[in-house]
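A short write-up of the structure that comes next.
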Amino acid sequence: MKLNKIALVLAMSGFGAHAVAQQPAEDNTESEQTIERISVTGSNIKRTSLEGDLPITVITRAQIDAGGITSAEQLLLQLNISSNSNDNLASNAGIVGGEERGNNGASSANLRQQGVGSTLVLLNGRRVATHGLKGRSVDLNSIPFAAIERVEVLRDGASAIYGTDAIGGVINFILKKNFEGAQLGAFADHTEEGGGNIYRFNVLAGTGDVERDGFNIMGSLTYKSAEILRGSDRDFTNTFQPLRGLSPDTRGAPFASVNDRFSRPNDPTSSQYNLVGSGLINPNTGLENDVLNVLALPGQPGCDAFENMGPDAADLWNRSRNLGVSCSWDYPRASVLQQPVENIDFVGRATMKIGEDSEAFVELLGSEVVSKKVFEPNQITPWAIGAGDWDTFGGGFYPSTGASYDYIVDALSDFYGADQLNIGAPIAYRWRCMDCGPREIETTTSSYKIQLGLEGVIGDWDYMAGLSRSANESTSELGSGYHFTSGLAQAIGTGVLNPFLLPGESQTTQAIQALDAASARGIELFGGETTMTQIDASISGNTGYELGFGGDSIYVAAGIDLRREEYKFNGDRRAADTRPRIYGAPFDDANALDNVSRDIKAVFVEALIPVSENFELNLAVRHDKYDGFGGTTNPKVGFKFTPVEELLFRGAYSTGFRVPSFNQLFNGVTEEPYTGTDLANPFLCQDGVVDISDPNCQIITPEILFGGQIDLGPEESEQLSFGFVFAKGDWIVNVDWWEIEIEGTIQTPGFKELIENPELFRDNYVFDGGGTSGEIVSIDRRFINAGGRSTSGIELGIATNGELWDGTWGLNINASYLIEDKKQERDNAPFGPNLVGTHSRGNIPLRWKNTAVFTYNYDDFIHTFTQIFRSGYDDETPPGVASGEANPPLYDDSVDSYLVYNYSMNYTGFENIELIMGIKNLLDRDPPFTAHQNDFSPGAAFDPRVADPRGRAYTVQFNYNF
C-alpha cells in the first residue's frame, strides 16, 4: 500500500503521534519500499506505525530510560491521558477492603477517567491474568519492565477489536524479541532528602538469529527494590496548618484523650460508667467538653509535648465546643509516601523458524512482588476493644488502679472541679498506641504466563495462533501493629498497659511483654487468585480486490478468541472455632468466594478499505458471548482522509461494553462506620451540612454499606473521535477530539451525590424502624448499574527538530485538555455538574496536563530536558468551613498547579557501555498544598495522585553489552 508523506514520516520516526522525529522530514520516496508493515495496537491488520484512523502513542525504550522511569506505575503517572486516581501504591497507604483491597499490592492503569476496569492492559498484544486480590485489573508491578522494548498506548476504545475492558483505551507492553548477545544493567534513583530510593539490577542474554540461524533463545532476569519513604521524611507533609484550613481529624493521641460516653455514663452499674460521665462543663466557655486532653489544660505540659502532637483545631471539624482543651496527632504524617516494594521477574523466549515464512515460539514469564503497606499505629478506644463487656477486664477501660489514674483526676479536678467527676470510675479514652508499632500488611504476589504461538505468512496472508495460561496469586499477611483484641483489653483494663505516659516515661517490662504476647504478626489476612486460559487465532491479508475509485486493494482480518476466566478469594484462613478477634485488622470474610469462572467466546472481522487514493475506511465488528450475560456485538467505523500530502484527517465511531467483575457481582455486604464529623441528616439539612445551633442538623455517624449485586448488567458505551495530523517540513502536529458516553455505569453511588440528592436516593437510606424517615442507621453504597457518564477532551501533539551548532535537536510536546466529566446517578436523573477541575475522593479530573521534551544530540552525548505540568483544581472544602463554624484566615479553596523539570544525559562514547545520568525534579519543587480530608483522600497536605513527594532525585543507569 502506498504511503502518504505523513504516514511515511511517522513510520520512519518510530515514535507515533507524539514523536520527536530525529531527522528532518525529507523526500523519502526511495524509503517507501523499505517500510515494513507491522502489527499495531488497535488493529488486526498489519500496517505502518500511525497509518490508521485511531491515535496511538508509542513510548520507546530510549524515552523510558531518558526519563529515569523504572516501573509501569511511574510511566502511567507521567502519561497525560492517565487519570489522577488512587490506583497506585502511593495513593493507597491506609486501610482498604472490599473493592480497594487489591491496592495492598497492586497498581493499575486508568485511562481517560474511565476506571481501571475499563482500561485494557496487554502484554505482547495478548491478555494476562488480573491481580489476585483486585480481580479486575492487571497489576502493573508484575510487568517485566526492564525487558520492555516499547509501550503502545491506544487512546481510544477498542471493544470491536479486543472485547471487554477496552472502553478507556489500551496499553500494550511489548517485550524484547530475537535478542542476541548479553547485557548487564544497573540503575539507582537516590533522593536528595533521603528515603524512597530505588535500585534495579538486570541481566539479558540471547543467542541465535531467527533469520540467519533459524532460532533464537533469550532470557531476562530483573531485581528491583523501592525503599520506604515516610511522611515524616518530608517537611511539607505537616497537617498542623489550621490557618490554611488543615488539621488532623483525630483525638487519638500518644498521650490519650479522655472521652465521655452516652449511655448511663454516671450509673455505677452501667458498662459505660466513666470518669467524666457524658462530658464536663468548661468553666471558661460554659460549653460541654466531650473529648479533652489534660496536656492542653492550664499548667500542663501542652499538646506539643509529644512529637507530631498539637492543639486540635476543633472548629475545622465542627466541634468548636472543645477548642483549647483537646489535642490531636498528625497521623497523616505518620503514613508512608512510598510503600517499600521488592520484585523479581523473569522472561524467557525461544523462537524457531519453520520453513521460509513461519515461526513458532514459547514464552515464559514469571514474577514475584512483595509490597509492605506501612501506616500509623492503631487508635484504641475501650468501646472498640472491650465491646461493652464490663465483666472482662473492665471492658478495656483504664482502671482506677492504673499508675496514671491519680494524675488524670488531679489535672481534671484543678480545671473542671472535682464535683463534676465520677472519681473512682474508670477512664474512657482515645489512645494512639505508639508502643504497638506501625501497622504493616505485607502482600506477596506471584504471577506467571506461558504462551505458545505460531505465526507466519501464507501467500499474501498473515496468520497467527496462540495458546496461553496465566495466573496471579496474591496473599496479604499481618505484620507489626496488629494485636488480638482480648490481649489489648486485658493489658489496658488491668492497668498494665498505660495510655497516659508523660514525656520521658516508658511502658513497664510487663506491659511490653503483654503486647508481645498479644501480637498477631504472621496471621494471613486474605488471599486470592485469578487464572486465565486463552486460545486465539487470526488471519489477515490482501484480498486483491479494489473498489475501482483509485484506491489500493482491500485488506481484511478475521479471527476467534476463546477464554476462560477464573477467580477465587479467601478471607480469614483460621478455623472458625479458634479465631480470636484481631483489633483493626481489615479481614474481608464477607467477600470470600470459592472458585468461580466464566467462558468467553468471540469472533471478529476487520476490513481496511482504500476507497480512493486519499480516503480510507476501517470497518470492524466483534461478537462476544459471555456466560451469564449473553451475546454482545460491537462495531467500529473509522476513516482516514488525506486531501493534500501534508494533511491527514482521521476519526472513528465505535461501541463498547464492560461486564462486571467477579467482585462486583459476588462481594458480600460489609459495613463501615462513617467516622467523619461533617455529616448531618440530609433530609433535614441542606447537603447534609452540620449546624450545631440547629438540633435537626447535629452530627450523625451511620454505617456505610458496601458489596456486590448479583443482578448487575454490563456497561455499554459509545466512543467518538475526530482529529488531524499535519506534517510540513520539520513539523508534525496532531490534534484529536474524543468523547465517551456510557450507559448503565457500574459504580458505587457517590457519597456526595447521595447526600446532595437524598430524595432521589431515598431507597439507599436505611432508617431506624425500617420506615422511610427517622434516624438514619445506614447508607447503602453497594454496586449498581447507575445512569450514564459523559467524558470528552482534546489531545494535542507537536513534534519538530532541527540542527544547532554541530548537533541536532528535537522538541516534543503532548498535552491533554479535559472538556467534560459529568455523571448521571440514575436513568431518570439529569446529569450532574461538570467535575473537571474539582477535587474528588476517587479520581481528580484535571483540566490540563502537558509534557514537553527537548533533546539535543551532540557527538556522543544526548541531553534530554523534560517539563511536566499539571493544572490546579478546586480543593475539597473543610467541614467546619462548609458549615460556617470555622473561618481560617489563610484558607484558599483552590490547589495550585504542579510543574517540575527533569534532565538526563546519555553518553555512548564508551565501547559496549551505555551510561545515563539524570536529575528528577531539577528545581526541587514541593507538591502544591491541599486541605483535603485525610480520612477519605490520600496524602498529608499534598495529593500523591497529582504530585511526586520524593523531591529532587539523582539517577544513574549503566548498561554493559557483551
Pair Thr250-Arg432, side chain to side chain donor-acceptor pair (under 3.5 Å): steps then yes or no: CA-CA 9 Å; Thr250 179; Arg432 188 68 60 170; 3.3 Å; yes
Within 45° cone and under 6.0 Å: Arg870 NZ/CZ vs Tyr898 ring: no
What is the ring orientation for [X] with [Y], classed by angle as parallel under 30°, tilted 30 to 60°, or perpendicular over 60°?
| X | Y | result |
| --- | --- | --- |
| Trp805 | Tyr856 | perpendicular |
| Phe942 | Phe236 | perpendicular |
| Phe173 | Phe145 | perpendicular |

Taking C-beta and beyond as the side chain, do [X] and [Y] meet within less than 4.5 Å on heavy atoms?
| X | Y | result |
| --- | --- | --- |
| Leu890 | Asp892 | no |
| Leu76 | Ser82 | yes |
| Thr237 | Pro949 | no |
| Tyr873 | His839 | yes |
| Asn343 | Glu368 | no |
| Asn934 | Leu246 | yes |
| Ser474 | Val369 | no |
| Leu75 | Val151 | yes |

Option among Arg952, Arg950, Arg200 that satisfies the salt bridge (charged side-chain N to carboxylate O under 4.0 Å, His left out) test with Asp189: Arg950
Between the side chain of [X] and the main-chain N/O of [Y], is any donor-acceptor distance below 3.5 Å?
| X | Y | result |
| --- | --- | --- |
| Asn850 | Phe869 | no |
| Gln379 | Gly252 | yes |
| Lys449 | Leu365 | no |
| Thr119 | Leu111 | yes |
| Asn902 | Asn921 | yes |
| Gln338 | Glu227 | yes |
| Asp875 | Thr930 | no |
| Asn84 | Leu846 | no |
| Arg333 | Arg234 | yes |
| Thr955 | Gly918 | yes |

Check against side-chain contact (heavy atoms from CB on, under 4.5 Å), Asn959 and Leu184: CA-CA 6 Å; Asn959 292 327; Leu184 292 177; over 6 Å; no
What's the separation between atom [atom1] in [X] and atom [atom2] in [Y], rounded to the nearest 0.5 Å?
| X | Y | atom1 | atom2 | answer |
| --- | --- | --- | --- | --- |
| Ser367 | Asp345 | OG | CG | 6.5 Å |
| Gln241 | Asp330 | CD | CG | 9.5 Å |
| Arg841 | His932 | CZ | NE2 | 10.0 Å |
| Leu923 | Ile919 | CG | CD1 | 10.0 Å |
| His131 | Asn141 | NE2 | CG | 8.0 Å |
| Asn801 | Asn812 | CG | CG | 11.0 Å |

Non-hydrogen atoms of [X] and [Y] that approach each other most closely:
| X | Y | answer |
| --- | --- | --- |
| Phe240 | Gly310 | CZ-N, 3.3 Å |
| Asp233 | Gly195 | OD2-CA, 4.3 Å |
| Ser470 | Ala129 | OG-N, 3.0 Å |
| Leu204 | Ser220 | CD1-CB, 3.7 Å |
| Thr222 | Ala146 | OG1-CB, 3.3 Å |
| Gly67 | Lys920 | O-CE, 3.7 Å |

Within 6.0 angstrom of Arg230 CZ, more than 12 heavy atoms from elsewhere: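 Counting neighbours around CZ of Arg230, 12 or fewer heavy atoms of other residues, nucleotides or ligands fall under 6.0 Å, so no.
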CZ/Phe962: more than 12 non-hydrogen atoms of other groups inside 6.0 Å: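 Count over threshold, so yes.
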Audit row: Ser83, Asn110, side chain to side chain donor-acceptor pair (under 3.5 Å) steps and yes/no: CA-CA 6 Å; Ser83 302; Asn110 182 350; 3.2 Å; yes
From CA spacing to verdict: salt bridge (Lys or Arg N to Asp or Glu O under 4.0 Å), Lys372, Glu477: CA-CA 9 Å; Lys372 184 175 291 186; Glu477 183 179 288; over 6 Å; no
Go through the side-chain N and O atoms of [X] and [Y] and say whether any donor and acceptor fall under 3.5 Å apart.
| X | Y | result |
| --- | --- | --- |
| Tyr954 | Glu192 | yes |
| Ser142 | Asp139 | yes |
| Asn124 | Glu363 | yes |
| Glu914 | Asn906 | yes |
| Thr41 | Asn172 | yes |
| Gln933 | Ser937 | no |

Pair Glu795-Thr57, side-chain contact (heavy atoms from CB on, under 4.5 Å): steps then yes or no: CA-CA 11 Å; Glu795 289 153 9; Thr57 298; over 6 Å; no
[Y]/[X] salt bridge by N-O under 4.0 Å criterion:
| X | Y | value |
| --- | --- | --- |
| Lys224 | Glu342 | no |
| Glu149 | Arg61 | no |
| Glu376 | Arg439 | yes |

Phe861: side-chain contact (heavy atoms from CB on, under 4.5 Å) partners, not counting sequence neighbours: His863, Met905, Tyr907
With Ser904 via side-chain contact (heavy atoms from CB on, under 4.5 Å) - residues at least two apart: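 side-chain contact (heavy atoms from CB on, under 4.5 Å) list for Ser904, sorted by chain: Ala66, Thr864, Ile916.
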Step-by-step side-chain contact (heavy atoms from CB on, under 4.5 Å) determination, Phe375 to Val336: CA-CA 6 Å; Phe375 49 109; Val336 171; 5.8 Å; no
Evaluation steps, side-chain contact (heavy atoms from CB on, under 4.5 Å), between Asn961 and Ile913: CA-CA 6 Å; Asn961 298 293; Ile913 293 177; over 6 Å; no
